[in-house]
S.K.: 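Okay, handing you the structure first.
These values consider heavy atoms only, across backbone and side chains, with no hydrogens, waters or symmetry-generated copies. All values derive from a computational prediction rather than experimental measurement.
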Amino acid sequence: QVQLVESGGGLVQPGGSLRLSCTAAGRIFSIYNMGWYRQAPGKQRELVASITTGNSTNYLDSVRGRFTISGSNAKNMVYLQMNSLKPEDTAVYYCHVDVPTKRYWGQGTQVTVSS
């Protein structure tokens, strides 16, 4: 049984920064993809960023240049550095880790961007 635990969310003013962390309670092998989704009230869940074991990255157009996804050497942690935050970034952020047979999810962490 694998658990992903998220941290780093909170309240930040527009233009500020947050760094989200996602930690696996146990080691996960054969990871091929990690990433972050977000869901704002009344909106569909959207993929914010993803990274493969080969370090190929993909970003939502609205966050490209502001957010950076990265992982640990062991690929058991994934991070999302968020800079120049905007009110539209307000959402619950969920990390995920993909192996060939399943997708593991974090519990979600609230990010609120407001003055």
S.K.: Count I, L, V, M, F, W, Y as connected when their side-chain heavy atoms are under 4.5 Å apart, and connections chain through other members. Are Val78 and Tyr104 then in the same cluster?
M.R.: yes
S.K.: Of all residues at least two apart in sequence or in a different chain, which pass the side-chain contact (heavy atoms from CB on, under 4.5 Å) check with Ser17?
M.R.: Gln81, Asn83
S.K.: A side-chain contact here means heavy atoms from C-beta on lying under 4.5 Å apart; do Leu85 and Leu18 qualify?
M.R.: yes
S.K.: Which atoms form the tightest heavy-atom contact between Glu88 and Ser62, and what is the distance?
M.R.: OE2-CB, 4.3 Å
S.K.: Kindly give the heavy-atom pair with the smallest separation between Ala40 and Thr90, and that separation in Å.
M.R.: CB-O, 3.5 Å
S.K.: At their closest point, which heavy atom of Pro100 faces which heavy atom of Ser30, and how far apart are they?
M.R.: CD-O, 3.2 Å
S.K.: I'd like to know if Trp36 and Tyr32 are part of one continuous hydrophobic network [Ile/Leu/Val/Met/Phe/Trp/Tyr, side-chain heavy atoms within less than 4.5 Å].
M.R.: no
S.K.: Do Val63 and Val12 belong to the same hydrophobic cluster, where Ile, Leu, Val, Met, Phe, Trp and Tyr are linked whenever their side-chain heavy atoms lie under 4.5 Å apart, directly or via other members?
M.R.: yes
S.K.: Compare all side-chain heavy atoms of Val113 with those of Gln13 and state whether any distance is below 4.5 angstrom.
M.R.: no
S.K.: Taking the side chain as every heavy atom from C-beta outward, state whether Pro14 and Pro87 have any atom pair closer than 4.5 Å.
M.R.: yes
S.K.: Show your reasoning for whether side chain to side chain contact (heavy atoms under 4.5 Å, CB included) applies to Val111 and Arg38.
M.R.: CA-CA 9 Å; Val111 172; Arg38 70 184 182 188; over 6 Å; no
S.K.: Could you state the interatomic distance from CG (Leu20) to OG1 (Thr109), rounded to the nearest 0.5 Å?
M.R.: 6.0 Å
S.K.: Taking Met77 as the starting point, is it possible to reach Val5 by hopping between hydrophobic residues whose side chains are less than 4.5 Å apart?
M.R.: no
S.K.: Looking at Tyr79, does the NZ or CZ of Arg19 lie under 6.0 angstrom from its six-membered ring centre and within 45 degrees of the ring axis?
M.R.: yes
S.K.: To the closest 0.5 Å, what do you measure between CZ (Arg66) and NZ (Lys86)?
M.R.: 4.5 Å
S.K.: Which heavy atom of Glu6 sits nearest to which heavy atom of Tyr93, and what is that distance?
M.R.: OE1-O, 2.6 Å
S.K.: Under the side chain to side chain donor-acceptor pair (under 3.5 Å) rule, collect the residues that match up with Thr112, sequence neighbours excluded.
M.R.: Gln110
S.K.: Please give the remaining members of the hydrophobic cluster of Leu11, linking ILVMFWY side chains under 4.5 Å, ordered by chain and number.
M.R.: none
S.K.: Please round to the nearest 0.5 Å and tell me the distance separating atom CG of Asp89 and atom OG of Ser84.
M.R.: 9.5 Å
S.K.: Got a sec, which residues hit side-chain contact (heavy atoms from CB on, under 4.5 Å) with Arg45, two or more places apart in sequence or on another chain?
M.R.: Tyr37, Gln39, Trp105
S.K.: At what distance, to the nearest 0.5 angstrom, does CG of Leu4 lie from OH of Tyr94?
M.R.: 13.5 Å
S.K.: Okay, side chain of Arg64, backbone of Tyr59: is any donor-acceptor separation there less than 3.5 Å?
M.R.: yes
S.K.: Please report the interatomic distance CD1(Ile69) to OG1(Thr57), rounded to the nearest 0.5 Å.
M.R.: 8.0 Å
S.K.: Going by disulfide (SG to SG under 2.5 Å), name the pairs with one or both residues in residues 78-115, residues two or more places apart or in two chains.
M.R.: Cys22-Cys95
S.K.: In Å, rounded to the nearest 0.5 Å, how long is the span from OG1 of Thr68 to CG of Leu80?
M.R.: 8.0 Å
S.K.: For residues 31-60, which residue pairs qualify under disulfide (SG to SG under 2.5 Å), counting only residues two or more places apart or in two chains?
M.R.: none
